[in-house]
Amino acid sequence: MFALKSFLILGAFPAGVLSLWPIPKSMDAGSTFLKLSSQFNISISLQSPPSDLLAAVETTMYYLKNDKLERLVVGRGAYDVQDVQDAKALSSLKLSLEEGAQVNSISTEAVKNIGTRSEEYQLHIPADGTAATLTANSTLGLFRGLTTFSQFWYQYDDQIYMISAPTIIQDTPAYPFRGFMLDTARNYFPPTDIIHTLDAMSWVKLNVFHWHVTDSQSFPLELAEFPELAQKGAYSSAAVYTPANVQNITTHAAAIGIDVMLEIDTPGHTTSISASHPEYMVCNQASPWSTYANEPPAGQLRFTDPAVVNFTTALFSAVAKTLPGSLVSTGGDELNINCYDDDAQTQAELKSSGLTLEESLSKFTQSTHGALIAEGKTPVVWEEMVLDHNVTLANDTIVMVWISSNDAASVAAKNYRIVQAPSDYFYLDCGAGEWIGDTPEATSWCDPFKTWQKAYTFDPLANLTDSQASLVLGGEQLLWTEQSSPNNLDSIVWPRAAASAEVFWTGATGPSGSPLNVTEALPRLHDIRFRMEQRGVKAIVLQPLWCALRPNACDLYA
């Protein structure tokens with residue numbers, strides 16, 4: 001077995017490697033054709049395989065038979081016919097766990113505490129037709145290996161085949177948190193669209209769905225303990241997520257290796273709560289909104305009020321009970337201090353309590369986080385909570401860096417664990433123009449458009465010391481949906497969100513130690529995009545088809 005020697009020269013890759021995304025940690029790939037036997041089967045060497053592992057095998061078999069992806073070469077596989085005809089036939093793939101490994105469901109493994117999930121696997125595909133083998137320390141690792149196995153195969157004239165046998169892969173992720181965030185408050189996304197997105201996430205080994213479910217514009221989350229919030233705060237009775245919806249989404253996600261991190265942003269971004277509880281708000285619907293909020297409508301929780309503290313604490317306790325995973329975000333970004341300076345009740349409560357506004361914010365946050373911790377959850381916050389405010393947080397609180405990639409160093413200096421989500425690399429909504437009305441010449445605040453190439457150049461450890469490297473849990477790409485809906489969800493997310501999937505699975509450098517680079521990555525990203533399209537995801541094209549069929553022919557100096 002050998003590690004690939006070059007990730008800078010496309011020709012250093014066996015052709016079949018162009019089908020894999022994210023690139024494995026270590027791989028020995030040949031150049032022999034291997035076809036799939038018409039009797040091909042996947043067997044599991046476990047006495048009582050979990051039902052979701054059985055489902056994963058069934059799904060893999062479905063993809064093998066129905067992807068029907070022709071190779072991205074001139075002729076689309078027409079020139080492979082003779083090689084395929086002469087190739088050996090693979091009759092089986094055998095799945096097993098390492099000796100002593102505990103047999104849990106994929107769902108159980110997927111929602112374990114961050115950093116404790118076992119996703120590594122070993123895959124061997126011989127060239128002589130003898131059985132391929134997939135081994136791992138967990139069913140989650142087996143699932144990741146099945147994902148890789150399914151990416152090798154193409155079809156031409158009803159024959160399914162690969163071109164890079166024998167292959168030996170030893171793979172494990174560089175980072176435990178590899179996420180995608182969807183905002184479902186600015187515009188509503190039906191559960192079917194979320195399930196559809198979760199499936200696509202699993203194909204590139206993303207493992208955290210950050211669900212920004214509520215915001216100032218709407219509160220679509222139905223909670224049995226607080227039915228009024230969605231009844232009055234959702235856009236309509238149809239634009240809600242029922243408890244059954246949430247359970248279906250979290251259950252489906254876990255079965256395909258994805259943990260769901262729900263976010264209820266507080267105390268800012270909460271105007272939608274005013275529809276049912278106006279007494280809990282400051283600067284509710286205040287005008288001009290730009291004085292009191294980063295976007296309309298204005299309105300924030302009056303966290304100096306003990307009743308608001310009790311309400312929000314109970315709210316997070318209720319939310320925590322609905323989630324199988326351990327991460328819950330309480331937000332904490334873009335707090336507008338003008339709201340509190342101009343609110344007579346807030347000022348009276350501060351005077352009565354003898355607390356400053358920052359001390360009151362800290363007390364509020366400790367209460368809401370305490371509710372999460374009591375439910376066995378780990379709180380997650382946006383970076384302002386540690387960089388802009390004097391808030392006391394638990395040591396294991398996770399901080400999401402979003403304003404700038406340069407801010408990670410400041411968060412690390414405070415010794416908090418980090419999820420990298422900087423707007424200068426990973427915001428998928430940038431570059432679409434200004435959505436605020438009466439601004440004909442304005443551009444979006446985070447211009448320019450964040451290309452997949454830009455995201456792909458991100459170094460998770462930039463500006464950090466060696467001792468701080470372990471604080472980085474991973475990262476995510478994000479879609480804020482002021483200008484997105486189900487109509488453009490696929491095209492604005494895919495395949496761009498696959499860029500960070502590889503950055504945080506493989507790391508900033510490839511197996512050879514050379515930095516990831518877009519020249520090598522583009523043919524592989526083409527491949528996963530076309531495979532996504534075959535599976536019903538309307539991912540946007542990256543280049544003219546002519547270029548996709550001729551790797552590097554459309555490079556600037558080709």
Side-chain angles (χ1 to χ4, degrees), residues 175 177-183 186 208 210 212 215 261 263 265 268-269 290 293-295 329-337 380-391 393 397-436 442-483 492-493 496-497 499-501 503-504 507-508 515-516 518:
Y175 296 94
F177 188 112
R178 306 176 308 280
F180 167 67
M181 190 219 76
L182 180 64
D183 158 26
R186 271 59 179 227
V208 178
H210 176 183
H212 186 93
D215 211 288
M261 180 178 79
E263 179 184 355
D265 204 350
H269 291 275
S290 56
N294 282 51
E295 64 179 52
S329 175
T330 63
D333 63 316
E334 297 184 331
L335 198 61
N336 189 296
I337 302 303
V380 182
V381 296
W382 296 109
E383 64 177 78
E384 291 98 315
M385 284 286 99
V386 299
L387 297 184
D388 296 346
H389 299 291
N390 186 25
V391 174
L393 300 173
T397 302
I398 296 171
V399 179
M400 306 199 74
V401 172
W402 73 273
I403 296 174
S404 169
S405 55
N406 294 326
D407 294 342
S410 298
V411 175
K414 294 178 178 290
N415 207 38
Y416 286 105
R417 294 182 295 170
I418 296 168
V419 170
Q420 299 274 22
S423 58
D424 48 333
Y425 283 85
F426 292 146
Y427 271 32
L428 297 170
D429 57 304
C430 301
E434 179 58 83
W435 60 272
I436 298 294
T443 58
S444 65
W445 74 271
C446 56
D447 270 5
F449 181 89
K450 301 301 181 287
T451 65
W452 75 265
Q453 293 98 324
K454 174 71 172 179
Y456 196 70
T457 63
F458 182 74
D459 181 355
L461 302 181
N463 303 318
L464 301 180
T465 66
D466 290 344
S467 63
Q468 292 171 336
S470 62
L471 294 173
V472 179
L473 297 176
E476 67 179 24
Q477 282 178 275
L478 310 88
L479 179 60
W480 302 102
T481 61
E482 287 90 347
Q483 293 178 292
I492 200 169
V493 174
R496 278 196 294 162
S500 63
V503 167
F504 294 111
L516 298 180
V518 297

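Computed from a predicted structure; not experimentally measured.
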**Q** What residues, two or more places apart in sequence or in another chain, satisfy side chain to side chain donor-acceptor pair (under 3.5 Å) together with Asn294?
**A**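 Residues passing side chain to side chain donor-acceptor pair (under 3.5 Å) with Asn294: Glu334.
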**Q** Using the side-chain contact (heavy atoms from CB on, under 4.5 Å) rule, take Tyr456 and Val503 through it: C-alpha gap first, then chi angles, then the decisive distance, then the call.
**A** CA-CA 6 Å; Tyr456 196 70; Val503 167; 4.3 Å; yes
**Q** Which pairs count as side-chain hydrogen bond (donor to acceptor under 3.5 Å, both in side chains) when at least one residue sits in residues 405-417, sequence neighbours excluded?
**A**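 Passing the test, one end in residues 405-417: Ser405-Asp424.
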**Q** If you compare all heavy atoms of Gln477 against all heavy atoms of Ser500, which two are closest, and at what distance to 0.1 Å?
**A**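 Residues Gln477 and Ser500, closest heavy atoms: OE1-OG, 2.8 Å.
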**Q** Going by the rule side-chain contact (heavy atoms from CB on, under 4.5 Å), which residues pair with Asp447 if we only count those two or more places apart in sequence or in a different chain?
**A**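 Partners of Asp447 under the side-chain contact (heavy atoms from CB on, under 4.5 Å) test: Thr443, Ser444.
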**Q** List the residues meeting side chain to side chain donor-acceptor pair (under 3.5 Å) with Glu295, not counting sequence neighbours, and say none if there are none.
**A**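 For Glu295, the residues satisfying side chain to side chain donor-acceptor pair (under 3.5 Å) (neighbours in sequence not counted) are Arg186, Gln217.
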**Q** Rounded to the nearest 0.5 Å, what separation is found between the CG atom of Asn336 and the NE2 atom of His269?
**A**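 One gets 10.0 Å once the value is rounded to the nearest 0.5 Å.
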**Q** Do Lys450 and Pro448 come close enough that some side-chain heavy atom pair is under 4.5 Å?
**A**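 Result yes, sub-4.5 Å side-chain heavy-atom pair found.
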**Q** List for me each residue that meets ring pair (Phe, Tyr, Trp, His ring centres under 6.0 Å) alongside Phe458, sequence neighbours excluded, and say none if there are none.
**A**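 Phe458 satisfies ring pair (Phe, Tyr, Trp, His ring centres under 6.0 Å) with Tyr425, Phe426 only.
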**Q** Looking only at non-hydrogen atoms, find the nearest pair between Ala432 and Gln483 and report the distance.
**A**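 Answer, listing the atom of Ala432 first, then Gln483: CB-OE1, 3.4 Å.
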**Q** Look up atom CG in Leu393 and atom CD1 in Ile398, then write down how far apart they are to the nearest 0.5 Å.
**A**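 Going from the CG atom of Leu393 to the CD1 atom of Ile398 covers 12.0 Å.
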**Q** Output all residues satisfying side-chain contact (heavy atoms from CB on, under 4.5 Å) with Ala421, sequence neighbours left out; order by chain, then residue number.
**A**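 If we apply the side-chain contact (heavy atoms from CB on, under 4.5 Å) test to Ala421, skipping adjacent residues, the hits are Met400, Glu476, Leu478.
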**Q** Going through the checks in order, is the side-chain contact (heavy atoms from CB on, under 4.5 Å) test met by Trp452 and Val518?
**A** CA-CA 9 Å; Trp452 75 265; Val518 297; 3.8 Å; yes
**Q** From Leu335 CG over to Asp388 CG, what is the distance, rounded to the nearest 0.5 angstrom?
**A**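 Result: 9.5 Å between the selected atoms.
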**Q** Work out which heavy atom in Glu482 is nearest to a heavy atom in Asp429; give both atom names and the distance.
**A**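 Closest approach of Glu482 to Asp429, heavy atoms only: OE1-OD2, 4.5 Å.
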**Q** Could you tell me which non-hydrogen atom of Ser329 sits nearest to which non-hydrogen atom of Gly331, and how far apart they are?
**A**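 Distance-wise, the nearest heavy atoms are OG-N, 3.2 Å.
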**Q** Looking at residues at least two apart in the chain, or sitting in another chain, which of them share a ring pair (Phe, Tyr, Trp, His ring centres under 6.0 Å) with His212?
**A**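 In terms of ring pair (Phe, Tyr, Trp, His ring centres under 6.0 Å), with neighbours along the sequence ignored, His212 is linked to Trp480.
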**Q** I'd like to check the salt bridge (charged side-chain N to carboxylate O under 4.0 Å, His left out) partners of Arg178; sequence neighbours left out, ordered by chain and number.
**A**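 Checked Arg178 against salt bridge (charged side-chain N to carboxylate O under 4.0 Å, His left out); matches are Glu119.
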**Q** List the residues meeting side chain to side chain donor-acceptor pair (under 3.5 Å) with Trp382, not counting sequence neighbours, and say none if there are none.
**A**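 Partners of Trp382 under the side chain to side chain donor-acceptor pair (under 3.5 Å) test: Glu263.
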**Q** Among all residues two or more places apart in sequence or in another chain, which pass the side-chain contact (heavy atoms from CB on, under 4.5 Å) test with Ala508?
**A**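 For Ala508, the residues satisfying side-chain contact (heavy atoms from CB on, under 4.5 Å) (neighbours in sequence not counted) are Asp459, Pro460.
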**Q** May I ask you to test the Trp402-Glu384 pair for a side-chain heavy-atom distance under 4.5 Å?
**A**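 Yes - at least one pair of side-chain heavy atoms lies under 4.5 Å apart.
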**Q** Side chains of Leu428 and Phe180: closer than 4.5 Å at any heavy-atom pair?
**A**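 Sidechains of Phe180 and Leu428: in contact.
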**Q** For Thr397, check side chain to side chain donor-acceptor pair (under 3.5 Å) against everything at least two apart and list the hits.
**A**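 Thr397 satisfies side chain to side chain donor-acceptor pair (under 3.5 Å) with no residue once adjacent residues are dropped.
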**Q** Which distance, rounded to the nearest 0.5 Å, do you find between the OG1 of Thr465 and the CD of Gln468?
**A**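 Thr465 OG1 to Gln468 CD: 3.5 Å, rounded to 0.5 Å.
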**Q** Determine the minimum heavy-atom distance between Glu383 and Val399, stating which atoms define it.
**A**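 Closest heavy-atom pair between Glu383 and Val399: CA-CG1, 3.6 Å.
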**Q** Decide yes or no on side-chain contact (heavy atoms from CB on, under 4.5 Å) for Val419 and Val380, but give the supporting numbers first.
**A** CA-CA 9 Å; Val419 170; Val380 182; 5.9 Å; no
**Q** Considering residues at least two apart in sequence or located in another chain, which fulfil the side-chain contact (heavy atoms from CB on, under 4.5 Å) criterion with Ala442?
**A**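 So Ala442 forms a side-chain contact (heavy atoms from CB on, under 4.5 Å) with Glu434, Thr439.
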**Q** Would you indicate whether the side-chain heavy atoms of Thr330 and Val381 approach each other to under 4.5 Å?
**A**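 Sidechains of Thr330 and Val381: in contact.
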